[in-house]
Amino acid sequence: MIDVARQNPRLLGGAAAIALVAAIGGFSVAKCSGDSPATTETAAGNAAAPAPQEKAPDTVAMTAQAIEQAGIATDVVRAGGLGAEIVAQATVNAAPSGEAIVTARAAGAVTRLMKRLGDPVRAGETLAVVESRDAAQIAAERTAAVAKSVLAQKALARESYLYRQKVSARVELEQAQAEAASAAAEARRASVAAGAAKVTADGRGVIVSSPISGRVTAEAASLGAFVQPETELFRVADPTKIQIEAAVGATDAQRLAPGDRAIVELPDGKALEGRVRAVTPGLATETRSATAVLDVPGALQPGLPVRVRLLPSRGAVSSAIVVPEDAVQSLEGRDVVFVRTAAGFRAQTVSIGERSNGRVEIVKGLANDQRIATKNAFLLKAELGKGAGEEE
């Protein structure tokens, strides 16, 4: 063996080379075999993991009931810059035909009270009854006048018969006609007086009734109290017949005209659209301001303080949209407003301009007639922030 190696050294080198190649090949096969399960595991894991989702848009899903419960008010935006608006403080007042002062038509004592403060009433409904000596006299005069009228009519019928029979002269017939006409006129006067005083059927008192439908807003009558004629006992107001009176400066008053649009902002954040009905030509002595009278549909409580935005037809023209400052929120370093959608709200990036009186101009990002959240918009911003935290 030794001799063979010595005799053929090349053969020995070749055998060693073959052995080394075989060892390296076995290590490679083993490595490949060991890596295979890991690779399979990774592939399986990648197959099980969900595909990365795209970032959801800035939307908040919310039902109409949830919006109402959260106190989020919305409004439709209109074009018109701050220079075109007149912002004024105003008060809701009863229209001339929407409030009535109810009085007693005769002196007497209050014997019955039918209504109390805050009760609803119908036109012509009895509020109280006042027992009155004057009412008794009025009722007696009516009865006497009616009786005289009946007697005069009978006398006229008799004279007419005698005249046709040529028993009495024509002058007697004419006198009977005059007396009958006078008695009938006196009967009508007595009946009208009794009706105006609202004398009761038994003639003992007068009825205090409301001339309009509405609610009792003031009550000064007390059971058993003696009242004088024309004393105010009740006040009734109809909340559907109102007008809003806004104080405007002399310069602004010249820009307003009947029919101009007006937005009435209520204390609860809601807004109503109205129209300018009239503007007083003179200025109030104390305030040096004119009064713009607005007609607004719906029912509002008289005495309620409101803020109005008047859009005069002679005002400056601007394409900018003006919204309340509370409607603009800062989200991730950008100004946004929340536009109402079918499913809730969508954060819309906007560019803002001037600010004045709690209002801000939107110069870019909003379109005319879009409905946005104007009150409690910060709740929508908080909802978006909560959703981003949950995603993380």
Side-chain angles (χ1 to χ4, degrees), residues 58-60 62 64 66-92 244 246-249 252 256 260-276 292 294 296-298 300 304-312 315-341 344-385:
D58 294 332
T59 58
V60 178
M62 187 174 288
I67 293 173
E68 184 177 357
Q69 290 176 351
I72 299 173
T74 62
D75 192 15
V76 177
V77 296
R78 298 282 191 272
L82 288 172
E85 287 189 347
I86 300 174
V87 180
Q89 300 300 320
T91 306
V92 178
I244 295 178
V248 296
D252 291 333
L256 291 172
D260 287 347
R261 288 182 57 237
I263 306 298
V264 181
E265 298 177 351
L266 304 180
D268 60 358
K270 296 181 180 179
L272 298 176
E273 186 163 339
R275 294 286 176 180
V276 176
L294 314 180
V296 178
L300 293 176
L304 182 70
V306 296
R307 191 175 80 159
V308 299
R309 292 187 286 114
L310 306 172
L311 305 176
V317 178
S318 174
S319 59
I321 293 174
V322 182
V323 300
E325 282 187 332
D326 293 343
V328 181
Q329 298 293 317
S330 179
L331 183 65
E332 298 177 352
R334 55 196 172 98
D335 294 319
V336 300
V337 296
F338 289 90
V339 179
R340 185 77 167 90
T341 62
F345 291 92
R346 171 176 51 83
Q348 176 69 41
T349 303
V350 295
S351 298
I352 63 175
E354 298 180 2
R355 297 174 183 263
S356 178
N357 292 324
R359 309 277 296 167
V360 58
E361 280 188 345
I362 305 297
V363 296
K364 185 179 180 181
L366 269 185
N368 210 21
D369 295 332
Q370 281 187 304
R371 181 173 291 276
I372 67 169
T374 56
K375 182 183 177 184
N376 290 339
F378 68 92
L379 296 176
L380 300 172
K381 174 185 174 181
E383 190 68 20
L384 276 181

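What you see is a predicted model; the values in this text were computed from it and never measured.
- Screening Ile372, Val323, Val336 for a side chain to side chain contact (heavy atoms under 4.5 Å, CB included) with Val328, the sole residue that qualifies is Val323.
- Between the CG atom in Leu310 and the CD1 atom in Ile263 there is a gap of 9.5 Å [rounded to 0.5 Å].
- Nearest heavy atoms, Glu273 versus Val296: O-CG1, 4.5 Å.
- Expressed to the nearest 0.5 Å, how far CD of Gln348 lies from CZ of Arg334 amounts to 9.0 Å.
- Under the side-chain hydrogen bond (donor to acceptor under 3.5 Å, both in side chains) criterion, Asp75 pairs with no residue at all, not counting sequence neighbours.
- Within the 4.5 Å cutoff, the side chain of Val339 has heavy atoms near those of the Leu366 side chain.
- Looking only at side-chain heavy atoms (C-beta outward), Arg307 and Val87 come within less than 4.5 Å of each other.
- Using a 4.5 Å cut-off on side-chain heavy atoms (C-beta onward), Leu266 and Leu300 make contact.
- The two atoms that bring Val76 and Arg371 nearest to each other are CG2-NH2, 3.2 Å, heavy atoms only.
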Checklist entry - Given the rule in the side-chain contact (heavy atoms from CB on, under 4.5 Å) test, do Thr91 and Leu304 qualify, once you have shown the distances and angles that lead to the verdict? => result CA-CA 6 Å; Thr91 306; Leu304 182 70; over 6 Å; no

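- When side chains are defined from C-beta on, Leu380 counts as touching Met62, because their heavy atoms get closer than 4.5 Å.
- Listed here is the closest heavy atom pair of Val77 and Ala367: CG2-O, 3.5 Å.
- Scanning both residues, Gly71 and Asn376, for their nearest heavy atoms gives O-ND2, 2.8 Å.
- One distance of note links CG of Leu256 with CD1 of Ile86; it measures 4.0 Å at 0.5 Å rounding.
- Take Gln329 and apply the side-chain hydrogen bond (donor to acceptor under 3.5 Å, both in side chains) test, not counting sequence neighbours, and it matches no residue.
- Asp335 CG to Ser330 OG: the interatomic distance, rounded to the nearest 0.5 Å, is 6.0 Å.
- Ser351 places no side-chain N or O within donor-acceptor distance of the main-chain N or O of Val363, the cut-off being under 3.5 Å.
- Partners of Pro305 by side chain to side chain contact (heavy atoms under 4.5 Å, CB included), not counting sequence neighbours: none found.
- Not a single donor-acceptor pair under 3.5 Å links the side chain of Asp260 to the backbone N or O of Val276.
- The heavy-atom pair separating Ala88 from Ala247 by the smallest distance is CB-O, 3.3 Å.
- Atom CD of residue Gln370 and atom OG1 of residue Thr341 lie 11.0 Å apart, to the nearest 0.5 angstrom.
- The distance from the CG atom of Asp58 to the CZ atom of Phe338 is 7.5 Å, given to the nearest 0.5 Å.
- Residues Ala347 and Leu331 come closest through the heavy atom pair CB-CD2, 4.2 Å.
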